[in-house]
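Quick notes on the structure that follows.
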Protein chains: 2
Amino acid sequence: MKRGRKPTIDAADITRAAIAVADAEGLASVSMARVAQEMGNATMALYRHVKSKDELLTLMADAAMDEPPPLPDGDWREQLGFWAKAVLEAIRKRPWFLQIPISGPPTGLTSLAWLDSALGALRDTPLEAGEKVGVVMGLMTFVHGEARLGVTLAQGFEDDPAAFGSQYGKVLREIVDPRRMPALAEVLDSGVFDLDDVAAAEDVEAEFDFGLHLFLEGVATHIGGRA
Amino acid sequence: MKRGRKPTIDAADITRAAIAVADAEGLASVSMARVAQEMGNATMALYRHVKSKDELLTLMADAAMDEPPPLPDGDWREQLGFWAKAVLEAIRKRPWFLQIPISGPPTGLTSLAWLDSALGALRDTPLEAGEKVGVVMGLMTFVHGEARLGVTLAQGFEDDPAAFGSQYGKVLREIVDPRRMPALAEVLDSGVFDLDDVAAAEDVEAEFDFGLHLFLEGVATHIGGRA
DNA sequence: CAGGTTTTGCGTATGAGATACGCATAAAAG
DNA sequence: CTTTTATGCGTATCTCATACGCAAAACCTG
């Protein structure tokens, strides 16, 4: 039998409590004290099961994402598109996920499951293993980045609804000197940045779709030149 | 004339000092006290010129990037490729740049200059303004994400050289159950993840090039369907 | 130049947060 | 029942950001 006093909590419990706090009050509110209080324990009790707060954050990141949904029937392109949307959706459920500083390549079970899922979509393509990884990494990078942008904007909008939407265009017009930045000024004149609050959100969505389209188009071309 | 005591420092000085600290000791070492010491002032003196540490971080982010280099002659594709490499290089000079939490769309002069530069590469293409922005945002997203990955790995390598390189493949093999993650297991068997320390760095570089290639290929196809 | 006004430099103090350390306690082993 | 071992957690320390208020400097008016 195992010696010593029986643990009343484990790392998973702590991670769960921490996630509950982050979901309810944001990642900034996740302190060792707050998490301990959430589970009715003393602060220092947590350190028996978690080496440091950094480690806890890593555990949170692993546990934050849902399991990847099963891919729908279809070719690799439809599947990867679906996958990218699913990643985006999963991140949107836990916006704080992107605030956790990453410490290395993924080793968490859930992250790996997502990776596997995306690689599965490419199974029937003639790509080499390294290329598949490249495609998936590139796509994940894009989705994460775009999600970060969306979440950041949504955050900024919450903080100060008045200062958003069409304000960005206005602000830029004051800063941008058409002589120094002609291309930007030109785009600015086209009104792309003058969106009201509602349209801005849709725009982020559209931008995501567009970027996704471009990337997958590139993959298709690459595969085409190979088959 | 302006009333009152003459300022001996300004926000730009503080930003410079903060950047010097970040360059030398990393962003984690940037505290108000440390920055003040760096410039031979008292801690609280800084607050006359900077509202909060967050504001200082934003200023640092704006000032961290070099001016965008002039684009070489060539078509949009060569230019965007060059631009992406230049962004990557600029970030590599200041790895801490990516650790600064972003608070909204870019308004710093330097960021806007980079944006303008990329849009300039697309000037002669038949894309609409919104599409140009989409292309550039997508590309920037990708470059930032990939840079983050590279920097993170380099960081991890510094922290513990032994635990890297081919270790990642080994670790994965212990975690991955081929029944639960068949596609990942397959890729794993191909040995893509078993790189020695040196090759890993080159691999990140190659992955960047590959992803960049895919994205630009997608843009090219998109433009082709339009011209 | 004296006095008033305004703005800066900065010492002191507060409060949050991470975490080292050590003791008391619970549970298994002998 | 004593010894061993691992846990729960109170106390204490250290690092930081930052509010507050006073004093010094530089301008203004008379």
Side-chain angles (χ1 to χ4, degrees), chain A residues 1-61 96 99-103 155 159, chain B residues 1-63 96 99-103 155 159:
Chain A
M1 207 32 135
K2 255 176 89 176
R3 277 175 154 231
R5 185 173 178 173
K6 212 159 281 177
T8 60
I9 54 175
D10 64 4
D13 295 324
I14 298 175
T15 306
R16 242 189 310 282
I19 286 181
V21 173
D23 283 344
E25 306 166 30
L27 193 64
S29 296
V30 175
S31 70
M32 299 306 270
R34 182 69 187 74
V35 172
Q37 167 194 319
E38 185 76 11
M39 28 192 324
N41 280 71
T43 305
M44 291 312 292
L46 306 191
Y47 282 94
R48 285 285 175 202
H49 311 279
V50 158
K51 227 190 302 298
S52 66
K53 185 180 179 181
D54 271 344
E55 188 180 297
L56 175 56
L57 288 177
T58 301
L59 290 175
M60 289 177 68
W96 47 262
Q99 294 178 45
I100 296 181
I102 38 175
S103 40
Q155 183 60 49
D159 291 352
Chain B
M1 210 25 146
K2 257 176 88 175
R3 276 167 101 98
R5 186 172 173 173
K6 212 159 282 177
T8 60
I9 54 175
D10 64 5
D13 294 326
I14 298 176
T15 306
R16 241 189 310 282
I19 286 181
V21 172
D23 283 345
E25 305 167 33
L27 192 64
S29 295
V30 175
S31 68
M32 298 305 271
R34 182 70 187 73
V35 172
Q37 167 195 320
E38 184 75 11
M39 27 193 323
N41 280 72
T43 304
M44 291 311 291
L46 306 191
Y47 282 94
R48 285 285 176 205
H49 313 277
V50 159
K51 225 190 305 296
S52 66
K53 187 181 178 180
D54 270 344
E55 188 179 297
L56 175 57
L57 288 177
T58 301
L59 291 173
M60 288 176 70
D62 282 346
W96 47 262
Q99 293 176 46
I100 296 182
I102 37 175
S103 39
Q155 185 58 50
D159 291 352

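Reckoned from all heavy atoms, side chains included, excluding hydrogens, waters and symmetry mates.
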Within this structure, what is the CG-to-P distance between Asp13(B) and dG9(C), rounded to whole angstrom? 10 Å
For dT8(C), does either OP1 or OP2 sit under 4.0 Å from a side-chain N or O belonging to Lys6(B)? no
Measure the distance from CZ on Arg5(A) to P on dT3(D) and round it to the nearest whole Å. 21 Å
Length of the line joining Ile9(A):CD1 and dA6(D):C1', which is rounded to integer Å: 13 Å
Mark yes or no for whether Asp62(B), through its side chain, and Leu59(B), through its backbone, hold a donor-acceptor pair below 3.5 Å. no
Check whether any side-chain N or O of Thr8(A) sits under 4.0 Å from OP1 or OP2 of dT7(D), and answer yes or no. no
Looking only at the side chain of Arg3(A) (C-beta and beyond, no hydrogens), which of the listed nucleotides dT6(C), dT5(D), dA17(D) gets closest? dT5(D)
Residue Lys53(A), side-chain atoms from C-beta onward, closest of dA28(C), dA18(C), dG10(D): dA18(C)
Interatomic distance where CE belongs to Met32(A) and P belongs to dC14(D) [whole Å]: 20 Å
Side-chain atoms of Ala45(B) come closest, of dC10(C), dT19(C), dT5(C), to dC10(C)
Check the distance between dA18(C)'s C1' and Arg34(A)'s CZ and give it to me in whole angstrom. 17 Å
Look at Asn41(A) and dG8(D) and indicate whether a side-chain polar atom (N or O) is within less than 4.0 Å of OP1 or OP2. no
Would you confirm whether Asp23(A), through its side chain, and Ala20(A), through its main-chain N or O, come within 3.5 Å as a donor-acceptor pair? no
Grab the NZ-P distance between Lys2(A) and dT7(D) for me, whole Å please. 7 Å
Report the nucleotide, chosen from dC23(C), dT12(C), dT19(C), that has the shortest atom-to-atom distance to any side-chain atom of Met44(B). dT12(C)
Arg48(B) atom CZ is separated from dA24(D) atom P, nearest whole Å, by 15 Å
If you check the Thr43(B) side chain, which of dT18(D), dA26(D), dG8(D) turns out closest? dT18(D)
Hey, which of Leu57(B), Thr58(B), Asp54(B) is the one that makes side-chain contact (heavy atoms from CB on, under 4.5 Å) with Ser103(B)? Thr58(B)
When rounded to the nearest 0.5 angstrom, what is the spacing between NE2 in His49(A) and CG in Leu56(A)? 12.5 Å
Tell me the interatomic distance from Ile14(B), atom CD1, to dT8(C), atom C1', rounded to whole angstroms. 12 Å
With DNA chain C as reference, determine whether Gly40(B) or Ala28(A) sits nearer its 5' end, using the nearest nucleotide of each. Gly40(B)
Please check if the side chain of Lys53(B) supplies one atom and the backbone of Val30(B) the other of a donor-acceptor pair under 3.5 Å. yes
Can you check whether His49(A) has a side-chain N or O nearer than 4.0 Å to OP1 or OP2 of dA6(D)? no
